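Beneath this line is the structure, given in structure tokens, with notes to follow.
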2 protein chains.
Amino acid sequence: MTIGELSKKTNISEYTLRYYEKKRLLRVSRDRIGRRCYAENDISWIFFIKRLKDTGMLLKDIEKYAELRYEGDSTMPERLAMLQEHRVYILREQRKWAEYLKNLDSKISFYQEEINK
Amino acid sequence: MTIGELSKKTNISEYTLRYYEKKRLLRVSRDRIGRRCYAENDISWIFFIKRLKDTGMLLKDIEKYAELRYEGDSTMPERLAMLQEHRVYILREQRKWAEYLKNLDSKISFYQEEINK
DNA sequence: GTATTACTTAGACTATACTGTAAGTCAATA
DNA sequence: TATTGACTTACAGTATAGTCTAAGTAATAC
């Protein structure tokens, strides 16, 4: 699969795919004339990267995860530990959002009362 | 209150306070020799800005809110509308985090099974 | 055989949100 | 009076995460 095809399938720009490669999130083999060729399972890997990123993991931490992943199955315990740590982060985020929603709702109520006075 | 005092009370650096002022989030009066002097209620305003920022509102949107706020009570309906819109955003974020937690949990389960095989 | 398209690289540019520096002012204190 | 410390300004620098450009190559399409 070429970079253009992968870009369409994942909805991630070619620029970004190359950028991720430079940042070592992605390891890509080349064809005979030096063009990137991606494997099918790179798609799910990229979606996984996307999820980690969207849930606030920094690229440099994703890079660490990627390095372990490319090292093979022996690094599973380490990867598991990283995910468990990230899980704690997500739980904290959830609590944060719940609290802010409560806050915002009381602000909204206040405004509504003020306006209807 | 001087900028140094406000900085300590809000735990926001003087740099940032000046930056917020330049970005029109904050309007500050000056003393006789040109130094910033803040009012007591600037503290709660800053904490509110902090909350909006922490919940993903961009400074340029917070600036819009600030402008309305400094315009006076007549802009309450507009501010309310902004907060209600932001509420929808927060609800969407909450759903996102819940979904990602579910995803992550199944990934974690998978790893745990693999490791214990 | 040339035009088009898809690719390559390095490196410059962008946006957001700060963060820090340099040079100078002012008022209170030793 | 001289120094200290908190303040002022404009502007440069940083980090993160892209986003784009310029110059060039290779394979295919007409």
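This structure is a prediction, so every number in the text was calculated from the model and none was measured. Protein chains get the first letters and strands the later ones, always in sequence-line order, with residue 1 at the start of each.
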Under 4.0 Å protein heavy-atom contact, by nucleotide of nucleotides 4-16 of chain C - B base, S sugar-phosphate only: ---SBB------S
Contacts table for residues 36-48 of chain A: side-chain donor-acceptor under 3.5 angstrom, sequence neighbours left out:
unit_1: A:Arg36; atom_1: NE; unit_2: A:Glu21; atom_2: OE1; d: 2.4
unit_1: A:Asp42; atom_1: OD2; unit_2: A:Ala39; atom_2: N; d: 2.9
unit_1: A:Ser44; atom_1: OG; unit_2: A:Asn41; atom_2: O; d: 3.1
unit_1: A:Trp45; atom_1: NE1; unit_2: A:Leu25; atom_2: O; d: 3.0
unit_1: A:Trp45; atom_1: NE1; unit_2: A:Tyr70; atom_2: OH; d: 3.4

Note, B:Lys8 side chain near B:Met1 side chain (heavy atom, < 4.5 Å): no
For A:Tyr100 against B:Asp54, the heavy-atom pair lying closest together: OH-OD2, 3.5 Å
Protein-nucleotide distance (B:Leu25, atom CG; C:dA17, atom C1'), rounded to Å: 11 Å
Heavy-atom side-chain contact between A:Thr2 and A:Arg35 under 4.5 Å: no
A:Arg51: side chain to side chain donor-acceptor pair (under 3.5 Å) partners, not counting sequence neighbours: B:Asn103
For atom CZ of B:Arg32 and atom C1' of D:dT8, their distance in whole Å: 15 Å
Atom-to-atom span, CD1 of A:Ile12 to C1' of D:dT19 - whole angstrom: 14 Å
Under the side chain to side chain donor-acceptor pair (under 3.5 Å) test, residues paired with A:Asn116 that sit two or more places apart: none
Separation of atom CG in B:Asn11 from atom C1' in C:dC18, rounded to whole Å: 15 Å
Rounded distance in Å - OH (B:Tyr15) to P (D:dA12): 17 Å
Note: B:Glu99-B:Arg95 ion pair, threshold 4.0 Å (strictly below): no
Residues forming a side chain to side chain donor-acceptor pair (under 3.5 Å) with B:Lys23, sequence neighbours excluded: none
Nucleic acid contacts - residues 38-47 of chain B versus DNA chain C, non-hydrogen atoms under 4.0 Å: none
Rounded distance in Å - CD (A:Glu63) to P (D:dA17): 12 Å
Under 4.0 angstrom between A:Tyr20 side-chain N/O and D:dG18 OP1 or OP2: yes
